There are 2 protein chains.
Amino acid sequence: MNGPIETAKFAPLDREGLVDRIAETLMEAIIAGRIAPGDRLSESTIARDMGVSRAPVREAARLLENSGLVRYRANRGFFVHEIAAEGFRDLYELRIAIETAAALRLIAGDAAAALPALTAALDRLKAAAEGECDVTAMISADLAFHRAICLASGNARFVQVFDQIANETRLGVMLIGRLYDDPAEIARSHEPVLAAIAASDREAVVAAIEYHLGTARDLVPPMLVADTEKRR
Amino acid sequence: MNGPIETAKFAPLDREGLVDRIAETLMEAIIAGRIAPGDRLSESTIARDMGVSRAPVREAARLLENSGLVRYRANRGFFVHEIAAEGFRDLYELRIAIETAAALRLIAGDAAAALPALTAALDRLKAAAEGECDVTAMISADLAFHRAICLASGNARFVQVFDQIANETRLGVMLIGRLYDDPAEIARSHEPVLAAIAASDREAVVAAIEYHLGTARDLVPPMLVADTEKRR
DNA sequence: GTCAAGTGAATTGTCGACATTCGACAAAAG
DNA sequence: CTTTTGTCGAATGTCGACAATTCACTTGAC
């Protein structure tokens with residue numbers, strides 16, 4: 001059974017393909033806001049800039065389409081997704097459904113085992129809210145906490161759906177600077193969710209998530225409309 | 001507001017691109033079982049058979065990946081997705097979460113307006129269960145009913161997620177002939193769900209969907225394991 | 001001045017060819 | 001006989017070129 005090598009002496013080489021690297025670069029640019037929502041992703045331009053051909057760029061764009069960052073229109077190309085007020089409500093209703101289900105599933109299983117990861121995620125979120133708060137990092141930490149809940153549920157599907165919509169959430173939220181005006185408050189608003197999970201209280205979990213995400217669902221769309229108007 | 005043409009006199013030309021047609025053809029072949037789960041989708045072969053180049057075939061495959069029908073492995077190509085027993089449980093937990101949320105949302109809105117569509121979908125399901133029951137058609141009608149619930153919720157996200165996982169459900173369920181041994185019984189099992197929605201009874205809706213989908217969730221995985229063993 | 005049609009540059013859609021990688025079989029060493 | 005190494009066919013990965021489509025601009029008539 002034992003070959004000459006028992007423990008791996010080398011970490012696997014980073015062999016992620018060209019397409020993945022292009023996709024990552026594009027995603028980073030979109031999330032960082034260097035490409036604005038609604039902007040067209042010119043295949044030729046991107047390919048030329050990156051020094052590759054158009055084929056892998058197209059594939060990368062298709063990949064990003066799955067993440068909801070990019071929309072494709074036939075014969076017109078790829079565009080950075082613009083999220084509307086109405087779509088934001090729907091998006092958050094889906095988040096409530098998914099994350100509530102994940103949390104309930106988590107409680108039904110081994111909640112104790114999952115708590116450290118959740119607590120750690122919340123701590124990181126609080127840390128990100130301290131001092132000179134970078135909005136992008138703050139959003140990342142926020143999403144990471146919610147993702148941790150899905151992950152801890154043990155159901156890969158919940159994580160999959162969450163990942164698909166996380167970036168869209170990001171795009172929507174980033175349009176609104178004001179939302180993160182009081183980062184510490186945002187961070188604190190996650191505590192009831194964790195507390196309910198820790199207490200394994202099903203009803204409290206449902207209520208906490210509904211309140212936490214429901215607040216954003218009801219608060220953000222009007223802001224989105226206002227900000228969209230202002231931009232004209 | 002009114003232009004010279006008020007009613008459309010011509011159906012829109014079939015301008016859906018080559019990629020879409022390839023994707024549809026492939027999807028049809030997979031759903032019909034002409035390509036078995038686990039089989040490789042050879043780009044070259046498909047391209048040659050269809051008389052096109054490999055580029056649109058690749059894109060079509062990437063599209064099908066979003067529908068969960070196909071999985072992509074780097075440098076190895078596309079394969080028809082194989083669903084495992086464990087994955088099936090997760091899949092159905094997600095369905096319960098989505099469809100329950102959709103139904104509750106539906107009740108919160110204008111339930112009366114949505115009822116005709118749901119009733120019609122259920123009738124079609126019953127009709128499909130009559131006489132010489134084609135399993136594929138039966139599954140389609142079954143899924144169509146559940147999709148109608150998501151659609152009636154008014155939340156496009158629910159529909160989007162449902163569509164993404166519907167085909168995977170199909171692949172999993174099709175592996176098990178026995179499940180549809182008694183089609184009429186299957187059709188009837190949908191009635192409580194519709195009744196609960198019609199009554200706008202939140203608790204009943206939650207219970208009905210949990211029971212209806214939960215039965216499949218608990219029943220199918222052992223069957224999947226058994227059938228997989230048998231196939232060896 | 002407004003609107004329609006025409007024109008052309010720019011972009012996407014598709015293709016065939018070449019480079020790279022993979023997996024299986026064969027061959028050689030232990 | 002088992003294990004490792006070498007080789008080879010076949011598939012994917014990437015590319016540059018051409019065709020088809022779109023969009024902004026110009027042109028012209030009313």
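These numbers come from a predicted model, not from an experiment. Convention: sequence-line order gives letters A, B, ...; per-chain numbering from 1.
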Test side-chain contact (heavy atoms from CB on, under 4.5 Å) on B/H212 and B/I209; report intermediate values, then the result. CA-CA 5 Å; B/H212 174 72; B/I209 295 181; 5.7 Å; no
A/D39 has an atom CG; how far is it from atom P of C/dT11, in whole Å? 14 Å
Within this structure, what is the CD1-to-C1' distance between A/I46 and C/dA10, rounded to whole angstrom? 15 Å
Specify the separation, in whole Å, of atom CG of B/L41 and atom P of D/dA11. 13 Å
A/E43 CD to D/dT22 P: how many Å, rounded? 15 Å
Minimum heavy-atom separation for B/M138 and B/P183, please, with both atom names. CE-O, 3.4 Å
Side chain of B/S53: nearest nucleotide among C/dG16, D/dA11, C/dT12? C/dG16
Under 6.0 Å between the ring centres of B/Y92 and B/F88? yes
Just N and O in the side chain of A/R40: are any of them under 4.0 Å from OP1 or OP2 of D/dC23? no
Could you tell me how the ring of A/H146 sits relative to the ring of A/H190: parallel (under 30°), tilted (30 to 60°) or perpendicular (over 60°)? perpendicular
A/E93 vs B/R157, test: salt bridge (charged side-chain N to carboxylate O under 4.0 Å, His left out). Steps then yes/no. CA-CA 9 Å; A/E93 300 240 340; B/R157 292 286 173 177; over 6 Å; no
Heavy-atom pair with the smallest gap, counting every atom of A/V57 and A/S53: CG2-O, 3.6 Å
Find the distance B/R48:CZ to D/dA11:C1' and express it as a whole number of Å. 12 Å
Nucleotide C/dG16, atom P - distance to CZ of B/R58 in whole Å: 16 Å
Distance test, side-chain N/O of A/S44 to OP1/OP2 of C/dT12, below 4.0 Å: yes
Give the rounded distance in Å between these two atoms: CZ of B/R54 and P of C/dA19. 14 Å
List the atom of A/A121, the atom of A/A148, and the distance in Å for their closest heavy-atom pair. CB-CB, 4.3 Å
Near DNA chain C, counting only heavy atoms under 4.0 Å, which residues of residues 68-79 of chain B show up? B/N75, B/R76
At what angle, to 10 degrees, do the two end axes of the helix from C/dG1-D/dC30 to C/dG30-D/dC1 meet, given five pairs define each axis? 20°
In a table with atom names and distances, give each donor-acceptor pair under 3.5 Å that connects a side chain of residues 63-73 of chain B to protein atoms at least two apart or in another chain.
residue	atom	partner	partner atom	Å
B/N66	OD1	A/N66	ND2	2.7
B/N66	ND2	A/N66	OD1	2.7

Whole-Å distance between C/dT12 C1' and B/L18 CG? 14 Å
Would the distance check show the side chain of B/R76 and the main-chain N or O of B/R40 forming a donor-acceptor pair, the cut-off being under 3.5 Å? no
